[in-house]
Amino acid sequence: TGRESGEEKIWNFTDAFLKNRRTGFYPLSRLLSAGQDPIYLLGALAASLRILALVRQAADDGKLKKAAAGLSPFVVRKNVELARQTDAEKIRQLFSDLIRADVGLKTSRLPPPLPLVELVLKKTPV
């Protein structure tokens with residue numbers, strides 16, 4: 001809605017991407033149309049992916065309470081649910097794809113925001 005802050009909209013994008021990468025396209029297109037910087041959006045996506053990886057690993061190791069100590073309870077809850085649905089290999093693949101998009105954005109291999117759009121629209125193995 002128009003009352004959401006920029007940060008809330010960014011988290012809508014990152015949450016959608018992490019649940020199912022292609023569902024992140026619509027929120028991404030809205031953010032880009034509003035003038036958000038592609039490198040900033042990629043950084044927000046990287047931060048969300050790091051939190052997901054942390055929660056996933058901590059849950060696997062039985063150390064979730066300790067790992068979650070510095071995070072908001074809301075962030076922990078939503079990432080615990082997502083971590084249950086996301087295996088470690090998918091997280092590794094997302095990091096790899098994110099790095100490729102980061103290099104693409106920062107080296108001007110393709111004009112911004114194309115590497116970020118490619119990241120979101122990439123077909124993933126079933």
Side-chain angles (χ1 to χ4, degrees):
T1 66
R3 301 179 81 183
E4 291 177 314
S5 74
E7 292 300 311
E8 287 173 311
K9 290 178 185 177
I10 289 170
W11 302 131
N12 289 340
F13 159 61
T14 61
D15 290 350
F17 176 89
L18 292 175
K19 287 177 186 167
N20 177 345
R21 91 167 51 199
R22 288 184 174 192
T23 62
F25 180 73
Y26 181 68
L28 172 64
S29 66
R30 289 181 50 197
L31 289 165
L32 292 171
S33 293
Q36 285 286 346
D37 179 58
I39 292 174
Y40 180 80
L41 294 174
L42 194 65
L45 192 54
S48 292
L49 185 55
R50 278 192 301 274
I51 291 170
L52 175 61
L54 171 76
V55 169
R56 169 70 197 213
Q57 186 64 48
D60 288 351
D61 296 343
K63 299 179 181 177
L64 185 57
K65 188 172 184 175
K66 181 178 178 183
L71 300 173
S72 117
F74 172 76
V75 170
V76 173
R77 276 192 307 275
K78 77 177 182 178
N79 278 280
V80 164
E81 182 60 35
L82 188 54
R84 287 185 185 130
Q85 303 165 11
T86 309
D87 64 20
E89 181 54 37
K90 180 179 177 184
I91 292 173
R92 276 192 286 280
Q93 186 62 53
L94 287 171
F95 271 119
S96 177
D97 293 345
L98 196 133
I99 290 167
R100 199 171 7 269
D102 187 54
V103 169
L105 277 172
K106 292 177 179 171
T107 63
S108 301
R109 179 180 62 82
L110 292 172
L114 286 181
L116 181 57
V117 171
E118 282 183 340
L119 171 70
V120 172
L121 294 179
K122 180 182 183 219
K123 185 174 181 179
T124 56
V126 177

Note to self: Holding to salt bridge (charged side-chain N to carboxylate O under 4.0 Å, His left out), I want the full list of residues that pass it with Lys106, two or more places apart in sequence or in another chain.
What the structure shows: Asp102
Notebook entry, point to check: Do Trp11 and Leu52 belong together in a cluster built from hydrophobic side chains that touch within less than 4.5 Å?
Noted result: yes
Check: How close do Thr107 and Val103 get, heavy atom to heavy atom, and via which atoms?
Finding: OG1-O, 2.7 Å
Item checked: side-chain contact (heavy atoms from CB on, under 4.5 Å) assessment of Leu41 paired with Gln36 -> CA-CA 7 Å; Leu41 294 174; Gln36 285 286 346; 3.9 Å; yes
Next item on the list: Dump the intermediate steps for side-chain contact (heavy atoms from CB on, under 4.5 Å) on Leu110 and Leu105, then the final yes or no.
Entry: CA-CA 7 Å; Leu110 292 172; Leu105 277 172; over 6 Å; no
Next item on the list: Inspect the contact between Asp97 and Arg100 and indicate whether a charged nitrogen and a carboxylate oxygen are less than 4.0 angstrom apart.
Entry: yes
Check: Which residue, Leu54, Val55, Asp15, forms the side-chain contact (heavy atoms from CB on, under 4.5 Å) with Asn79?
Finding: Val55
Notebook entry, point to check: Mind checking whether Pro73 and Arg77 have side chains closer than 4.5 Å, heavy atoms only?
Noted result: yes
Margin query: Taking Asn20's backbone N and O only, do any of them form a donor-acceptor pair with Thr23's side chain (distance below 3.5 Å, no angle check)?
Written below: yes
Notebook entry, point to check: Any donor-acceptor pair under 3.5 Å linking the side chain of Arg22 with the backbone of Leu121?
Noted result: yes
Note to self: Let me confirm one number: the CG-CZ distance from Leu28 to Phe13, rounded to the nearest 0.5 Å.
What the structure shows: 4.5 Å
Item checked: Single-linkage hydrophobic cluster Tyr40~Phe25, side-chain heavy atoms < 4.5 angstrom -> yes
Item checked: Contact list for residues 63-76, test salt bridge (Lys or Arg N to Asp or Glu O under 4.0 Å), sequence neighbours left out -> none
Margin query: So does Ala83 get a backbone contact from the side chain of Thr86, meaning a donor-acceptor N/O pair under 3.5 Å?
Written below: no
Margin query: Nearest 0.5 Å, please: how far is OG1 in Thr14 from CD1 in Ile51?
Written below: 8.5 Å
Check: Are more than 12 heavy atoms from other residues, nucleotides or ligands located less than 6.0 Å from atom CZ of Phe95?
Finding: yes
Item checked: Any donor-acceptor N or O pair under 3.5 Å, side chains Glu89, Gln93 -> no
Note to self: Working to the nearest 0.5 angstrom, can you tell me the gap between Ile39 CD1 and Leu116 CG?
What the structure shows: 10.0 Å
Next item on the list: Specify the closest pair of heavy atoms between Lys90 and Leu18, including all atoms of both residues, with the distance to one decimal.
Entry: NZ-O, 3.9 Å
Check: When you measure from the side chain of Ser33 to the backbone N and O of Arg30, does any donor-acceptor pair fall under 3.5 Å?
Finding: no
Next item on the list: For residues 36-59, pull every pair meeting salt bridge (Lys or Arg N to Asp or Glu O under 4.0 Å), keeping only residues two or more places apart or in separate chains.
Entry: Arg56-Asp60
Check: Between Leu42 and Ala101, which heavy-atom pair has the shortest distance, and what is it?
Finding: CD2-C, 3.9 Å
Check: Taking all non-hydrogen atoms of both residues, which atom of Leu98 and which atom of Ala46 are closest, and how far apart?
Finding: CD2-CB, 3.7 Å
Next item on the list: Decide yes or no for Leu119 and Arg21: does some side-chain heavy atom of the first lie under 4.5 Å from some side-chain heavy atom of the second?
Entry: yes
Item checked: Hydrophobic cluster identity match, Ile91 and Val80, side-chain contacts under 4.5 Å -> no
Checklist line | Ala58 versus Ala67, closest heavy-atom pair with distance | finding: CB-CB, 3.4 Å
Next item on the list: Any chance you could measure Leu94, atom CG, to Ile99, atom CD1, to the nearest 0.5 Å?
Entry: 11.0 Å
Note to self: For a quick test of reading the model, state the closest non-hydrogen atom pair linking Pro115 to Gly104 and the distance between them.
What the structure shows: CG-C, 3.6 Å
Check: Is there side-chain contact between Leu32 and Val117, with at least one heavy-atom pair below 4.5 Å?
Finding: yes
